[in-house]
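A short worksheet on the structure shown next.
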Amino acid sequence: MHWGTYSRLQQIGSWIKVNGEGIYNSTSIAPYSEENIYYTKSTVSNTIYAFVTSPKDDVVLPGSVTLHLKDINNVKNVTLLGTAKKVKWRGANGAINITVPVALQNNNGLTQAAVFKIKY
């Protein structure tokens, strides 16, 4: 095995440890995707995952992220997988608006995609 391949497999394994809950036991849901965001829903709990993809290995998040989902008035909590820092959010005009703290926008340790967990 080429060492570069081994390193890449380690990166994938590390990413799955943090974000795997949004992949395993889940299915894609409408609106499926919008811009660089892709959605899945857990088949075992009332949770939606929003994968915000990055064009580079290291994720750089904008100051705010808007998710167009149904039943936003029923959302109980929004978190960012892989970090203990809290994100502020509110539902308005048919969307969930997430405010990303400055400390999570750059050098956040996230790779390939940031995953927001939306609990209903």
Side-chain angles (χ1 to χ4, degrees):
M1 178 184 292
H2 187 271
W3 285 110
T5 303
Y6 179 73
S7 176
R8 193 64 169 163
L9 287 174
Q10 283 182 314
Q11 288 175 338
I12 292 169
S14 295
W15 189 89
I16 290 289
K17 282 181 186 174
V18 172
N19 302 298
E21 69 179 87
I23 296 172
Y24 298 113
N25 296 313
S26 71
T27 185
S28 59
I29 59 154
Y32 305 105
S33 69
E34 54 183 333
E35 296 183 27
N36 65 328
I37 303 171
Y38 298 84
Y39 297 100
T40 64
K41 182 181 185 312
S42 172
T43 58
V44 294
S45 68
N46 203 7
T47 304
I48 291 176
Y49 298 90
F51 293 78
V52 180
T53 60
S54 175
K56 298 180 180 178
D57 281 349
D58 293 330
V59 174
V60 175
L61 289 167
S64 65
V65 175
T66 301
L67 308 175
H68 296 96
L69 297 169
K70 294 181 181 181
D71 300 324
I72 62 166
N73 292 330
N74 296 330
V75 173
K76 294 179 181 164
N77 194 23
V78 177
T79 57
L80 179 60
L81 297 182
T83 181
K85 293 189 188 301
K86 295 188 180 233
V87 295
K88 292 182 181 178
W89 62 275
R90 67 182 182 87
N93 301 319
I96 298 170
N97 299 300
I98 302 168
T99 302
V100 180
V102 173
L104 291 177
Q105 292 175 25
N106 295 293
N107 302 317
N108 51 32
L110 303 174
T111 59
Q112 279 74 42
V115 182
F116 289 96
K117 180 178 181 177
I118 301 100
K119 290 194 66 83
Y120 284 80

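What's counted below: heavy atoms across the whole structure, side chains too, no hydrogens, waters or symmetry copies. Note that this is a predicted model, so its numbers are computed, not measured.
Going from atom OG of S14 over to atom CG of L9 covers 11.0 Å, rounded to the nearest 0.5 Å. The line from OH of Y24 to OG1 of T40 is 12.5 Å long, rounded to the nearest 0.5 Å. Atom CG of N77 is separated from atom NZ of K119 by 8.0 Å, given to the nearest 0.5 angstrom.
The stretch residues 47-76 participates, sequence neighbours left out, in these side chain to side chain donor-acceptor pair (under 3.5 Å) pairs: E21-Y49, E34-H68, S45-T47, D57-Q112, T66-N97.
Other residues, nucleotides and ligands contribute at most 12 non-hydrogen atoms within 6.0 Å of the CG atom of N107.
A103 and K85 make their closest contact through CB-CE, 3.9 Å (heavy atoms, listed as atom of the first residue, atom of the second, distance).
Under the 4.5 Å side-chain heavy-atom criterion for Ile, Leu, Val, Met, Phe, Trp and Tyr, W15 and V60 are members of distinct hydrophobic clusters.
Cluster partners of I37 are I29, Y39, I48, V52, V59, L61, V65, L67, L69, I72, V75, V78, L80, V87, W89, I96, I98, V100, L104, L110, F116, I118, Y120, counting Ile, Leu, Val, Met, Phe, Trp and Tyr whose side-chain heavy atoms approach within less than 4.5 Å, directly or via other members.
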